[in-house]
Amino acid sequence: MGLSEHTLRCIGCDSRFDPKGVPSNFRCHCGELLEVEYPWSEGAPARQISLRPNANALRFLWQERRTSTLSADQSGVWRFRDLLPIVQDDQIVTLREGNTPLYEMPKCAAALGMNWLLAKHQGMNPTGSFKDTGMTAAISVAASSGFEWVGCASTGNTSAAMAAYAARAGLRALVLIPEGKIAWGKLSQSMDYGATTVQLRTDFDGCVQVLNEIVQRAPIYLLNSVNPYRLEGQKTPAFEMLEQMEWQVPHHIIVPGGNLANCSALGKGFAEMKHLGFIDHVPKISVIQASGANPFYTCINMYGGRALDAVTADTRATAIRIGNPASWKKAVSVITRPDYEGWCEQVSELEIALAKAEIGAEGIGCEPASAVTLAGLKKFLADGRIQEDETVILLLTGHTLKDAEYTIDYHRGVLFEDAELTSSEKALLASKTKGRAEPIILDPQVDKVLRVLDAEMGKGTRELQPA
Ligand code: F0G
């Protein structure tokens, strides 16, 4: 087997599949998920260890590629293609994804009493979410394998990414989304990029079930995150963060948890960095869920990762409105791996909204699902699991414009109009009016605008207070 070849290994029974003979639902006969294994991977048969890539040479090469004009080199995923050799260079389908900023969050850090706080903004990808890093990888494989159709069930971001990359590759795309429960921005992207968009009268988990049957009966390449090639692309932000940190390993990475592929992919990425000698230890990876969509929280904290009870999910953070996450076993092995030992926390709708406003006030912004990370960090600081002087990177997974309606509802003060809040939540929300920025409608008269300005100047800047 050469350096550019790979197999697909079952995470349950260790069976190995040739990529050409992989089942259409990407599940082993034992029912478990597959992951991509290279000759140099940890646990790969011993005779292949001599094919191990050289960390020092790769660090240099990856930097050098940043100045290249080749499209593969300009991609923040394929720049690292030495560690995801899944297609030939001329089969790569890219929109120049990745290379996303690692922002400092000084206002949030100060409000939390931290020295500094960082956010890796994956919403700064071509279609506005972290899904692009995985989609470039999996669509490249789909196109090179001769498929004409690709399909996914989605809460909106996967479908936006799939539709865009399918269009670039000249493939047809079938999108299944829950009717009425995804943000308009995401729905519009799927239509704009020309996908066949079907809104099913069910939730995300129902859409997944339907799609799983469809791929057994029609020649459609499955692009949900059970597709292990998606995770190969999604592991690369781990490499990029380490590069951006000048190879200093942060103490903590905090990610939102929905279908749990992102946490699994980043776990794989950091583990590969350690295995190949880029770093000598890995950061702690923790997952945050919305309390209305918290099956993984229960799985980790009540069952020690041994079982997962599916729930009927409900949260305004529609991206993570998922009750039966496909990648939960992969995520358990990341969270409970002795060198990661992360946690899973849950946060309320109010905590999400307040955290989102605070991230917005940094001039960064994100979609509600991404804001669970800051809300979760507050809990970890409060109970001492994270110390104020530790280095924390929040994974912001989606752009603020993905769900503009949510933001407008929050700032107009109507987001919680029909919600059942406890009295302490009501008091907390009332105390946060200063952080809200409701639009003011006026006649076009200079004096009136100046009066607003006067009042605002009296108030000082929009302040952040810890929740
Ligand atoms: N954040 C955003 C913005 C998302 O769109 C998703 C998932 C997640 C976090 C959770 O990531 O599933 O890997 O744990 N969105 C899906 C979709 C599932 O269809 O777009 P995960």
Side-chain angles (χ1 to χ4, degrees), residues 33 119-125 127-135 138 151-164 175-178 181-183 185-187 189-190 195 197 200 203-208 211 222-227 230-231 233-235 237 254-268 285-290 293-297 299 313 315-328 330-332 334-335 344 347 352 356 359 365-374 376 394-403 406:
L33 297 183
K120 174 76 172 160
H121 207 327
Q122 292 296 94
M124 300 296 177
N125 267 296
T127 76
S129 88
F130 74 107
K131 304 286 183 182
D132 293 344
T133 56
M135 210 46 85
C152 73
S154 179
T155 56
N157 280 327
T158 298
S159 46
M162 184 188 80
V175 161
L176 301 186
I177 46 176
K181 289 167 199 137
I182 76 164
K186 302 174 188 180
L187 175 62
Q189 286 180 291
S190 171
T197 306
L200 296 182
D203 56 10
F204 169 80
D205 302 292
C207 291
V208 170
L211 186 68
L222 179 63
L223 278 177
N224 271 61
S225 55
V226 293
N227 181 320
R230 289 259 317 270
L231 275 66
Q234 283 179 213
K235 77 185 180 184
I254 304 184
V255 299
N259 220 10
L260 299 170
N262 199 27
C263 134
S264 309
L266 293 172
K268 188 173 193 279
I285 298 184
S286 294
V287 173
I288 314 296
Q289 296 206 294
N294 65 353
F296 192 59
Y297 172 80
C299 159
T315 167
R316 278 284 308 252
T318 50
I320 50 173
R321 197 175 195 274
I322 296 172
N324 191 12
S327 292
W328 71 273
K330 285 189 180 180
V332 166
V334 169
I335 292 261
C344 182
V347 291
I352 296 172
K356 184 177 135 42
I359 295 167
C366 65
E367 68 167 286
S370 311
V372 300
T373 54
L374 179 62
L394 307 179
L395 247 292
L396 302 183
T397 43
H399 197 281
T400 183
L401 292 177
K402 285 280 192 175
D403 194 351
Y406 181 103

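Both ligands and their constituent atoms are indexed starting at 1 by order of listing. Positions are given from 1 along the sequence. Quick note: numbers below take in every heavy atom, side chains included, and nothing from hydrogens, waters or symmetry partners.
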Sorted by chain and number, sequence neighbours left out, side chain to side chain donor-acceptor pair (under 3.5 Å) with K186 holds for E367

At a non-hydrogen distance cut-off of under 4.0 Å, which region of K131 contacts ligand 1 (side chain, backbone, both, or neither)?
-> side chain

At what distance, to the nearest 0.5 angstrom, does OG of S159 lie from CG of L176?
-> 9.5 Å

Going by the order shown, which atoms of ligand 1 are within less than 4.0 Å of some heavy atom of E367?
-> 3 (C)

What's the shortest distance from atom 9 (C) of ligand 1 to any protein heavy atom, and which residue and atom give it?
-> T397 OG1, 3.6 Å

Taking N or O atoms only and a 3.5 Å limit, does A153 qualify as a polar contact for ligand 1?
-> no

Which of the numbered atoms in ligand 1 are below 4.0 angstrom from a heavy atom of N157?
-> 2 (C), 3 (C), 4 (C), 5 (O), 20 (O)

Please determine if N262 has a nitrogen or oxygen closer than 3.5 Å to a nitrogen or oxygen of ligand 1.
-> yes

If you scan protein heavy atoms around atom 12 (O) of ligand 1, the nearest is N259 N, 2.7 Å

Less than 3.5 Å between some nitrogen or oxygen of C263 and one of ligand 1, yes or no?
-> no

May I ask whether I322 has any heavy atom positioned less than 4.0 angstrom from an atom of ligand 1?
-> yes

Report yes if T155 has an N/O atom closer than 3.5 Å to an N/O atom of ligand 1; otherwise report no.
-> yes

Paired with K330, the side chain to side chain contact (heavy atoms under 4.5 Å, CB included) test is passed by just one of P325, S225, S264, namely S264

N/O to N/O below 3.5 Å, does that happen between A261 and ligand 1?
-> yes

Distance to 0.1 Å, residue and atom name: give those for the protein heavy atom nearest to atom 6 (C) of ligand 1.
-> F130 CE2, 3.6 Å

Side chain R321, main chain A293, donor-acceptor under 3.5 Å | no

Give yes if a backbone or side-chain nitrogen or oxygen of K186 is under 3.5 Å from a nitrogen or oxygen of ligand 1, and no if not.
-> no

Would you mind telling me if ligand 1 is within reach of the side chain of S154, the backbone, both or neither, using heavy atoms under 4.0 Å?
-> both

